[in-house]
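A quick write-up on the structure given underneath.
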Number of protein chains: 2
Amino acid sequence: MTRKTIDDVAALAGVSIKTVSRVLNDEPSVRADTRRRVEEAMAALNYQPSLHARSLAGRRSSLVGLVYDNPSANYVFAVQSGAIARCRESKLRLFIQSCDGLDDRLIGEVLAMVDQTHVDGLVVTPPLSSNAELLEALRRRRLPFVLIAPDVPVAGAPSVVMDDRAAAREMTEYLLGLGHRHIGVIAGHPDHGSSRLREAGWRDALLAHGEQAGPDLVAQGYNTAASGREAAHALLAAAERPTALFACNDDMAAGAILAAHELGLVLPDQLSIAGFDDTELAGLIWPPLTTIHQPVYDMAYRATELLVQLVRGEEAPATTRLDHRLVVRASTGPPRSRLE
Amino acid sequence: MTRKTIDDVAALAGVSIKTVSRVLNDEPSVRADTRRRVEEAMAALNYQPSLHARSLAGRRSSLVGLVYDNPSANYVFAVQSGAIARCRESKLRLFIQSCDGLDDRLIGEVLAMVDQTHVDGLVVTPPLSSNAELLEALRRRRLPFVLIAPDVPVAGAPSVVMDDRAAAREMTEYLLGLGHRHIGVIAGHPDHGSSRLREAGWRDALLAHGEQAGPDLVAQGYNTAASGREAAHALLAAAERPTALFACNDDMAAGAILAAHELGLVLPDQLSIAGFDDTELAGLIWPPLTTIHQPVYDMAYRATELLVQLVRGEEAPATTRLDHRLVVRASTGPPRSRLE
DNA sequence: CTGCCCGTTGACAGCGCTGTCTTTTGCCGA
DNA sequence: TCGGCAAAAGACAGCGCTGTCAACGGGCAG
């Protein structure tokens with residue numbers, strides 16, 4: 001059993017291969033009954049057109065690239081899921097390129113992938129979406145691409161973002177509303193654009209309420225649980241201990257909770273801890289984590305949708321902002337002093 | 001700037017395109033200095049051969065497929081990472097196919113992907129690696145494939161496995177060694193082959209030590225934290241409460257820990273909880289989870305390596321067994337009765 | 001010096017499609 | 001009935017490579 005080609009279908013349907021091609025590509029000017037005959041022949045032969053032949057002959061590959069660099073498993077998985085879902089709707093295929101450990105060969109590898117596979121466009125996730133050099137190289141290639149959560153907007157490339165700063169401010173205001181006055185922040189990885197925004201949101205809220213936001217309330221983290229734990233220990237060692245900690249992502253919040261447990265602190269009575277992202281993890285730790293829901297799946301879905309538009313030659317909005325949501329769980333509560 | 005083709009390289013190097021092709025494919029019978037000239041030309045032009053043209057003209061595509069169906073984010077991420085790492089070494093590309101939500105169209109979609117993209121071979125992860133119908137269809141297509149953790153060995157398809165049963169037994173024996181006598185088990189998803197093996201390992205250990213392994217010590221879970229929590233509540237409601245729980249994966253263990261916290265139980269004094277898989281989660285919850293390290297990344301790496309061998313026409317061992325490891329953390333300890 | 005062999009290189013067809021251009025068909029009004 | 005015209009269908013080249021086979025040249029035995 002040799003593989004079926006367009007010639008087999010054409011022969012069986014009694015038409016030329018070009019007509020089969022037309023049916024395949026949903027082109028007009030094919031009579032309804034001809035179309036039906038062709039479709040029946042395709043079904044009867046279980047015909048599957050060759051991606052490679054189509055890509056070589058035509059200009060498009062029906063392939064969308066997704067590039068990422070070492071963010072967390074949950075993030076990558078959510079992004080992939082969203083992008084795959086949208087691709088399926090348009091009969092596209094997702095081609096995934098991990099840049100993990102590529103370091104300075106990164107740009108070359110991404111471009112090699114782009115050139116070899118002829119992807120029609122690219123979805124770029126953070127932190128690559130803030131890599132100016134990469135983006136510039138993509139632009140020079142005139143390859144359509146969409147950014148997820150870039151640091152700053154890039155001309156000509158639509159972005160899908162959420163309002164990190166407003167969300168962080170919201171979270172901090174929620175903590176202030178509970179009665180906290182000393183709210184420490186565990187900052188995110190300095191190379192990630194969102195880190196600055198989230199820290200800024202925390203500062204916004206404190207200053208708006210006339211509270212201090214001094215350096216003793218800030219500890220640098222690196223988006224990992226280990227760094228969160230360390231940062232939390234540092235913050236909690238201060239003379240005037242914060243009664244609440246806002247970690248700029250859930251992993252660091254989990255690390256902070258570990259630190260709290262190590263110090264024998266009862267959560268949330270003696271210490272409130274909040275995170276950011278609402279990963280799966282947030283609901284699995286104890287106490288369940290108050291956090292900001294970041295709609296990663298939806299952002300990836302939307303980004304892919306925008307890319308589809310670009311590939312078709314349609315316009316796409318420069319910035320698409322999706323809503324976040326404050327998710328209150330059990331890791332936060334009023335400070336003990338107010339209870340006593 | 002139009003894209004470079006093999007003709008450009010040939011012209012610059014002053015050879016025929018066939019010679020460039022030979023260099024590209026590491027074929028012998030190219031004189032060293034000719035090879036060098038061609039390589040220099042390729043570098044000078046930044047030439048990237050077209051995947052589609054190569055696949056169409058040759059028989060192979062340099063594409064390896066990876067199929068998965070809804071296991072956890074961590075699992076999928078680890079598998080992808082391992083497979084990508086091995087692919088990179090052989091200059092192959094990984095083509096990912098998610099079967100999430102495909103249900104009965106699953107087999108058709110996988111085969112369509114295989115036929116359209118002409119992947120050279122497939123790495124199949126659980127639970128698909130136990131899908132007899134899918135595997136049979138792949139075999140009929142004479143497509144090389146390697147299974148990760150299949151339920152039962154499949155003739156002609158190498159498998160990469162770990163010894164789930166021995167690992168579960170080891171874990172249970174460790175708990176017995178701590179002094180536990182009533183050890184409950186939260187069984188995994190009934191559709192996953194490993195679930196049975198892990199439960200069997202638990203039973204092996206208990207019976208070998210002359211302990212009961214009655215139905216009141218078994219609760220059905222579905223590999224999710226929510227199901228683990230429910231199962232734990234059920235087990236802990238028994239008249240003679242178990243002093244230790246063995247959850248057949250980490251997510252369910254996390255759910256069980258949630259349940260324990262809800263009941264106000266102090267871990268591990270009043271209750272020990274152990275998991276299986278050693279996902280990232282295990283180190284992030286409180287108390288850190290005692291579990292079995294499953295070498296998912298390594299299994300995927302190895303599976304891809306075996307697939308590369310198969311594609312080359314070499315033999316590959318029917319079964320490759322990788323080592324697990326008992327990872328003791330703080331969620332387990334001697335039962336309280338022994339302390340009193 | 002001749003012929004043979006092997007290592008090296010090249011000419012050319014064709015992989016399975018799509019783009020372009022041409023031909024055929026069906027349908028309308030006169 | 002026929003011309004005219006748009007819609008439908010087909011012929012054909014060629015996308016960028018690899019497989020096949022043929023051509024070339026140099027070393028070496030006879």
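Just so it is clear, the structure is predicted and the values come from calculations on it, not from any experiment. Chain identifiers are assigned alphabetically (A, B, ...) following the order of the sequence lines, protein sequences preceding nucleic acid strands; residue numbering begins at 1 within each chain.
With no hydrogens or angles considered, a side-chain donor-acceptor pair links A:R93 and B:Q116 at under 3.5 Å. For the residue pair B:E39 / B:Y47, no side-chain donor-acceptor distance below 3.5 Å is found, with atom types taken as modelled.
For the side chain to side chain contact (heavy atoms under 4.5 Å, CB included) criterion with A:L122, the lone passing option out of A:L138, A:L128, A:V64, A:L134 is A:L138.
Residue B:S21 has no polar side-chain atom (N or O) positioned under 4.0 Å from OP1 or OP2 of D:dC17.
Rounding to whole angstrom units, CD1 of residue A:I6 and P of D:dC12 are separated by 16 Å. Protein atom CD of B:E27 is 6 Å distant from nucleotide atom P of D:dG19, rounded to whole Å. One can place CZ of A:R31 at 13 Å from C1' of D:dA6, the figure rounded to the nearest angstrom. Atom CG of A:N25 is separated from atom P of C:dC17 by 11 Å (rounded to the nearest Å). Protein atom NE2 of A:H118 is 16 Å distant from nucleotide atom P of C:dT18, rounded to whole Å.
Remark: side-chain polar atoms of B:S90 are not paired, donor with acceptor, to backbone N or O of B:L92 under 3.5 angstrom. Between the side chain of B:T320 and the backbone N or O of B:V160, no donor-acceptor pair lies under 3.5 Å. A donor-acceptor pair is defined here as one N or O able to donate and one able to accept, closer than 3.5 Å; no such pair exists between the side chain of B:S21 and the backbone of B:I17. Under the 3.5 Å distance criterion, the side-chain polar atoms of B:H52 are left unmatched by any main-chain donor or acceptor of A:A53.
On a pure distance criterion of 3.5 Å, a polar donor-acceptor pair joins the side chain of B:R22 and the base of C:dG10.
For the segment residues 33-65 of chain A, the set of residues with a heavy atom within less than 4.0 Å of an atom of DNA chain D comprises A:T34, A:L56, A:A57, in numerical order. Contacts of residues 7-18 of chain A with DNA chain D (heavy atom under 4.0 Å): A:V15, A:S16, A:K18.
Under 4.0 Å is where a charged nitrogen must lie from a carboxylate oxygen, and between A:R139 and A:E136 at least one such pair does.
Residue B:V20 is out of contact with every strand shown, counting any heavy-atom pair closer than 4.0 Å.
Atom OG of A:S55 and atom CG of B:L51 lie 8.5 Å apart (nearest 0.5 Å).
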